[in-house]
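Here's the structure, in structure tokens; my notes come after.
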Amino acid sequence: MARGYDFTRIEAKWQEVWEAQRLFAVTEDPARPKYYCLEMYPYPSGKIHMGHVRNYSIGDVVARYLTMRGFNVLHPMGWDAFGFPAENAAFEHGVHPARWTTDNIAYMKSQLRRMGFSYDWSREVTCCDPAYYRWNQWFFLKLLERGLAYRGRAPVNWCELCQSVLSNEQAEGGVCWRHTDTPVVQKELEQWFLKITAYVEELLGDLETLTGWPERVRVMQRNWIGKSVGAEVDFPLVDGGSLRIFTTRPDTLFGATFMVLAPEHPLALSLSAGTPRESTVREFVARMRRADRAVRTDATAEKEGVFTGASAVNPLTRERIPIWVANFVLMEYGTGAIMAVPAHDQRDFDFARLYRLPIRVVIQPPGGAQGSGESLEAAYEGEGSMVNSGAFSGMASEEGKLAVCQFLEEQGIGKRAVNYRIRDWLISRQRYWGTPIPIIYCDTCGSVPVPERDLPVILPPDVAITMSGGSPLARVEEFVRTTCPSCRRPARRETDTMDTFVDSSWYFLRFTSPHETTRPLDPGTVQYWMPVDQYIGGIEHAVLHLLYARFFTKVCRDLGLTGVSEPFSNLLTQGMVCKESYRCPEHGYRLPGEVDKQGRCTECQRPVEIGRTEKMSKSKRNVVDPDDLLERYGADTIRLFSLFAAPPEKDLEWSDEGVQGSFRFLSRVWRLVEDRAAWIRAARDLSWDDGVHAEAVRALRRVTHQTIARVTRDLEDAFHFNTALAALMELLNALNKFQEELGADPAPPRRNRVLAFAEGVSALVTMLAPFAPHLAEELWEMLGHRESIFRRPWPVADAALAQAETVEVVVQVNGKVRSRQHVPRGTAEDRLRELALADPRVQPWTGGKAVRKVVVIPDKLVNIVVTS
RNA sequence: GCCGGGGUGGUGAAACUGGUAGACGCACGGGACUCAAAAUCCCGCGGAGCUUCGCUCCAUGAGGGUUCGAUUCCCUCCCCCGGCACCA
């Protein structure tokens, strides 16, 4: 009767046991150290994909490993359940977003269970549940009270496919973050904003404390915040009034030879009004306004501008300088106007050359004079010493920045100023499937917050999703029509909903007290669990979610809900899951099944191009379906492969043969334990024989304890799952060999051998448990244990047993390996030197040559340096 | 252009603080078992050369440097991936 590794039976069995025993449910326990392990929760799009499998496999190893290390581990899961695709499905298939979402959640949850992830499902959080989103509304009201939420008119990004406005973060690079081939269009609208800029200095400064984050994520956030320090300066206009500019180089003010306005700048038109230049300027501004924003702000675009006819006065040189309007100056940054210093800014330089404007050098590079203005080939943007700068000449530019600012402040024509690239967070969305913004508009009282006692403002179930014509809620009369909370007269509700990133900005906090009904969080449990010790997810949220979540955490702190300032102590951004793709010149991307063995398209017989390995996606037809793999190999194999094939932060190349290899490994473990389970059960009643153990016993124990040390180090230091698994494979190989050498006799051999073997097998199964939990549990039971392996402590390496008794010492001559010697560990340096010099294999290389030096590294190597 | 991360066999990858380059896996080749296949097991597997039970030389993107010794440290250059980019 073939027994074999029956993963289907084993996995179902243990999933049931874990659930029945509530093995992963946790409560606060001050007696034990806590560990909060979190993976980014999924959007319930229908089915999980390999990216989820990888992300959650990593998190599960961490959670299970730390549980075995004695930590009280919180490992929750939930659903990012509001969002645009639900409405899309409603529009296309006529199924209600709520129904579509709950069906998807049910299916995806069943998939996560079948993967065997150790979530505490009693803490499950679903954002589209009023019990959750009412607190989004509550937070909104609190922010409003503190002046951190406001309604304002601003140019905003509109995505035609989303039929909604987006935040700046969601429209990075001028395209919608979800529809990356759809450019956003600018609209001037009145919308709700959260004042993330009130926390900008803290968000920037605290990045320095996030030493457990990848450097690139911190850099991306730093870039996004985009702080620049400089000055604002008022340039008097010749015809009265003044023009304010922002500059980071006040030290170059003497070199400002013209000024440039953004086309949208209010002065652009008024300065030329009623002059002969009026029509030219008007035409130029109109053309720029019409131009596509992405095209206009493209760095490679030609510079273009027109003279307004007006002039300003350089406040330091007293010279009249012309004012231009040009495409390369942006209204949304600084004051929308610049002083142009062509000698020291490449953009200004290019513009000056194009329109023959004067160039004046005011910074001399250190150690070398640069040519005079007209002969320059490029702007010098570095630091140096100030020249042609009146009383400031001779000063170092770094020092000059401060000195000029001070002078401007004394004269009352300028001041130090800081500018940021980041803008406030626009949270209004013209969509249905989101949190209603709790605001009522009254003709008498204006915009009135919904009183706290009236929360939640429930999303009405009956709505027509049309995908055009603005917020769907606006057409639900029963929802819109209400009374003003303050004057009781008829009023109208806000019909926009919140950005779904509001949900994810605090869900990790909610997991610590998911059933709280009277407040969003229980400060006591938050205090116990926060911060998240390890957060794991994709790099795509480097700026979006991770920035908003940091902001919300700081707001919660200031509301007295939490004591932490930063939510995630350690961040792991896992790499993408990739696979090679096949592309037919005629039929485009092909599925593996549509390519024959000779690598030809089954449609047209043309050879397919084997594409480079790229991120799995439906359009590239290179996805693998977790359900198929579950059926063919089981959860443990999939988990194992996705952890073994590459270190977690690197991209993982999916390989069917590799999966097969992982399955083979688990099968070998299965067979080893199944074949020898009787020995091991027998070993439980034995104790070690005193006296000197046989070399085979000592050797096996050495491997066992070395493996424990290696695996523990790999998991502890940096989540090197791939090398930890490699070590476990080596241990398996050693155990197999040992067992074979003992022969086919099923009766147990002498007790030390049995004990050494049992020790090795127990260590292997225990350490494999976080990676392949079902198999480990089953084998653990087979070995005669009644309690879950996850209630067992992680094995501890015995350093004395792990130490090799003899070591291989390499003998080099002039750095080249010439011999290897086996000597007892700890052999003295003098002895090693002697042995090396006497080594017959070394002598041909040293013979007749003067030994200049002998380098000895005990237990490692001897390097004999001879004159050649 | 700027900022991050990389470049190691046929391939995915290892290599602790400078100390035996290629662990572990995949693929491949050979063999065992089998009527056969699958599965399994064993052996080999960076390249070149030689006087081939072994030995020598070359080899971690390229070129230099530091060092007794460099995949690891320093300099210059090339290439790949990711992010930002007219932000004053």
Side-chain angles (χ1 to χ4, degrees), chain A residues 2 4 172-173 214-220 222-224 226-228 230 245-249 252 260 262 296-303 326-330 332-341 344-348 350-351 381 419-422 539 542-543 573 575-576 612-613 641 644-647 649-662 664-665 667-668 671 710 713-714 717 720 722-730 732-733 736 740 808-820 841 844 852-857 859-866:
Chain A
E172 206 176 339
E215 180 59 19
R216 61 175 180 151
V217 176
R218 297 199 286 165
V219 167
M220 283 163 82
R222 209 174 289 132
N223 287 345
W224 182 256
K227 178 178 182 175
S228 19
I245 58 97
F246 173 74
T247 177
T248 55
R249 293 297 300 271
T252 64
V260 188
R296 220 190 87 194
T297 57
D298 180 5
T300 58
E302 280 295 308
K303 288 185 175 48
N327 59 346
F328 71 97
V329 175
L330 308 173
E332 55 273 30
Y333 189 79
T335 61
I338 63 160
M339 67 173 194
V341 185
H344 304 293
D345 182 292
Q346 191 58 41
R347 297 158 300 180
D348 300 348
D350 294 343
F351 194 77
E381 297 184 330
N419 245 292
Y420 301 93
R421 204 175 85 114
I422 190 174
I539 188 75
V543 173
T573 50
M576 296 182 300
R612 68 185 189 96
T613 306
F641 177 72
F644 177 65
E649 60 286 345
K650 283 185 73 170
D651 285 352
L652 181 147
E653 190 184 331
W654 198 263
S655 136
D656 295 332
E657 294 82 9
V659 178
Q660 189 72 44
S662 293
R664 198 174 299 147
F665 167 67
S667 305
R668 293 178 72 212
R671 275 199 303 277
R710 276 173 71 187
R713 179 161 46 77
D714 283 348
D717 293 357
H720 289 165
N722 52 332
T723 50
L725 284 166
L728 291 177
M729 289 173 182
E730 284 183 71
L732 170 71
N733 292 343
N736 251 332
E740 261 166 39
E808 189 181 72
V809 170
V810 166
V811 184
Q812 297 179 332
V813 177
N814 288 351
K816 291 199 186 235
V817 180
R818 297 302 178 189
S819 176
R820 296 152 207 267
R841 295 160 55 86
R852 278 200 308 162
K853 185 176 177 182
V854 180
V855 181
V856 182
I857 310 290
D859 295 339
K860 285 260 171 183
L861 66 74
V862 178
N863 188 11
I864 302 166
V865 186
V866 297

- Item | N863(A), nearest nucleotide to its side chain (from rA23(B), rC68(B), rU20(B)) | rC68(B)
- Item | rC78(B) versus rC45(B) - spacing of their C1' atoms, nearest Å | 32 Å
- Item | Whole-Å gap separating P (rA23(B)) and CG (N722(A)) | 14 Å
- Which nucleotide, rC84(B), rA23(B), rU20(B), lies nearest any side-chain atom of A726(A)? rA23(B)
- Message: Take a 6.0 Å sphere around CZ of R216(A) and say whether it holds more than 12 heavy atoms from other residues, nucleotides or ligands.
- Response: no
- Message: Applying a 4.0 Å non-hydrogen cut-off, can you work out what V855(A) is touching in the nucleic acid: base, sugar-phosphate, or nothing?
- Response: base
- Message: Considering every strand and a 4.0 Å limit on heavy-atom distances, what is the contact class for S655(A): base, sugar-phosphate, or nothing?
- Response: nothing
- Message: Applying a 4.0 Å non-hydrogen cut-off, can you work out what A645(A) is touching in the nucleic acid: base, sugar-phosphate, or nothing?
- Response: sugar-phosphate
- Could you check how far NE2 of H344(A) sits from P of rA88(B), rounded to whole Å? 17 Å
All N/O pairs under 3.5 Å across the protein-nucleotides 5-8 of chain B interface:
none

- Message: Going by side-chain contact (heavy atoms from CB on, under 4.5 Å), V260(A) matches just one of I245(A), D348(A), N327(A), I338(A). Which one?
- Response: I338(A)
- Message: Run the salt bridge (charged side-chain N to carboxylate O under 4.0 Å, His left out) test against D345(A) and tell me which residues pass, sequence neighbours left out.
- Response: R347(A)
- Task: Give the nucleotide from the list rG19(B), rC86(B), rA23(B) with an atom nearest to the side chain of F328(A).
- Result: rC86(B)
- ring-ring contact (aromatic ring centres under 6.0 Å, His included) against F351(A), all qualifying residues, sequence neighbours excluded: F258(A), W324(A), F328(A), Y355(A)
- Query: Residues in side-chain hydrogen bond (donor to acceptor under 3.5 Å, both in side chains) with T335(A), at least two apart?
  - Reply: none
- Task: Name the closest nucleotide to the V810(A) side chain, picking from rC86(B), rU20(B), rC68(B).
- Result: rU20(B)
- Query: With distance as the sole criterion, is a donor-acceptor pair present between the side chains of N223(A) and R421(A) under 3.5 Å?
  - Reply: no
- Applying salt bridge (charged side-chain N to carboxylate O under 4.0 Å, His left out) to R222(A) and not counting sequence neighbours gives E208(A)
- Message: Anti or syn, where syn is a glycosidic angle within 90° of 0; which label fits rG29(B)?
- Response: anti
- Task: With sequence neighbours left out, write down each residue that passes ring-ring contact (aromatic ring centres under 6.0 Å, His included) with F246(A), or none if nothing qualifies.
- Result: none
- Partners of K853(A) by side-chain contact (heavy atoms from CB on, under 4.5 Å), sequence neighbours excluded? V855(A), V865(A)
- Between the side chain of D651(A) and the main-chain N/O of G575(A), is any donor-acceptor distance below 3.5 Å? no
- Task: Would you mind calling rU52(B) syn or anti? Take O4'-C1'-N9-C4 for purines or O4'-C1'-N1-C2 for pyrimidines, and syn is within 90° of 0.
- Result: syn
- Message: Rounded at 0.5 Å granularity, tell me how far CZ in R818(A) sits from CG in N863(A).
- Response: 11.0 Å
- Query: When rounded to the nearest Å, what value does the distance between P atoms of rG7(B) and rG54(B) take?
  - Reply: 35 Å
- Item | Atom pair distance, as rounded to whole Å: CD in E808(A) and P in rU20(B) | 11 Å
- Item | Separation between the C1' atoms of rA13(B) and rC73(B), rounded to whole Å | 24 Å
- Task: May I ask you to say what G661(A) touches in the nucleic acid, namely base, sugar-phosphate or nothing, with a heavy-atom cut-off under 4.0 Å?
- Result: sugar-phosphate
- Identify which nucleotide among rA14(B), rU20(B), rA88(B) has an atom closest to any side-chain atom of Y333(A), counting heavy atoms from C-beta outward. rA88(B)
- Task: Using a cut-off of strictly less than 4.0 Å, decide whether N733(A) has a side-chain nitrogen or oxygen near OP1 or OP2 of rG25(B).
- Result: yes
- Item | D656(A) vs Q660(A), side chain to side chain donor-acceptor pair (under 3.5 Å): CA-CA, chis, key distance, verdict | CA-CA 6 Å; D656(A) 295 332; Q660(A) 189 72 44; over 6 Å; no
- Who passes salt bridge (charged side-chain N to carboxylate O under 4.0 Å, His left out) against D859(A), sequence neighbours left out? R825(A)
- Query: Can you tell me how far the CE atom of M729(A) sits from the OG atom of S662(A), to the nearest 0.5 Å?
  - Reply: 5.5 Å
- Using a heavy-atom cut-off of under 4.0 Å over every strand shown, decide if Q346(A) touches base, sugar-phosphate, or nothing. nothing
- Answer with base, sugar-phosphate or nothing: what part of the nucleic acid does V329(A) contact at a heavy-atom distance below 4.0 Å? base
Could you go through nucleotides 15-18 of chain B and list every protein N or O atom that sits under 3.5 Å from one of its N or O atoms, giving the distance for each pair?
unit_1	atom_1	unit_2	atom_2	d
rC16(B)	N4	K860(A)	NZ	2.8

- Please work out the stems of RNA chain B from pairs that are Watson-Crick or G-U wobble with both distances under 3.5 Å, keeping only runs of three or more consecutive pairs. B:1-7 with B:78-84, B:10-12 with B:24-26, B:28-32 with B:40-44, B:46-50 with B:54-58, B:61-65 with B:73-77
- Message: Of the listed nucleotides (rC3(B), rG12(B), rA21(B)), which one gets closest to any side-chain atom of V817(A)?
- Response: rA21(B)
- Message: Using a 4.0 Å heavy-atom cut-off, does F644(A) contact any base of the nucleic acid, only the sugar-phosphate backbone, or nothing at all?
- Response: base
- When you get a sec, tell me which of rG12(B), rC24(B), rC58(B) is the closest nucleotide to the side chain of K816(A)? rC58(B)
- Task: Give the rounded distance in Å between these two atoms: CH2 of W654(A) and P of rA13(B).
- Result: 14 Å
- Closest nucleotide of RNA chain B for N419(A) versus for M220(A): which of these residues is on the 5' side? M220(A)
- Task: Please work out if P214(A) contacts a base, only the sugar-phosphate, or nothing of the nucleic acid, heavy-atom cut-off 4.0 Å.
- Result: nothing
- Message: Expressed as a whole number of angstroms, how long is the span from F665(A):CZ to rA23(B):C1'?
- Response: 15 Å
- Message: Here's a test of your reading of the structure: between M576(A) and R421(A), which maps to the more 5' nucleotide of RNA chain B?
- Response: M576(A)
- Query: Among all residues two or more places apart in sequence or in another chain, which pass the salt bridge (charged side-chain N to carboxylate O under 4.0 Å, His left out) test with E730(A)?
  - Reply: R710(A)
- Task: State whether the side chain of D714(A) and the backbone N or O of N722(A) hold a donor-acceptor pair below 3.5 Å, judged by distance alone.
- Result: no
- Task: Rounded off to whole Å, could you give me the CD1-to-C1' distance for the I338(A) and rC86(B) pair?
- Result: 9 Å
- Query: Strictly by modelled atom types, are E740(A) and N736(A) linked by a side-chain donor-acceptor pair under 3.5 Å?
  - Reply: no
- Distance between P atoms of rU52(B) and rU34(B) (Å, rounded): 39 Å
- Query: On a whole-Å scale, what distance lies between the P atoms belonging to rU72(B) and rG82(B)?
  - Reply: 26 Å
- Between atom CG in N814(A) and atom C1' in rU20(B), what is the gap in whole Å? 17 Å
- Query: What string of B, S and - do you get for nucleotides 37-55 of chain B, 5' to 3', if B is base contact, S is sugar-phosphate-only contact and - is no contact with any protein heavy atom under 4.0 Å?
  - Reply: ---SS-------------S
- Query: How many Å lie between CZ on R820(A) and P on rU20(B), as a whole number?
  - Reply: 10 Å
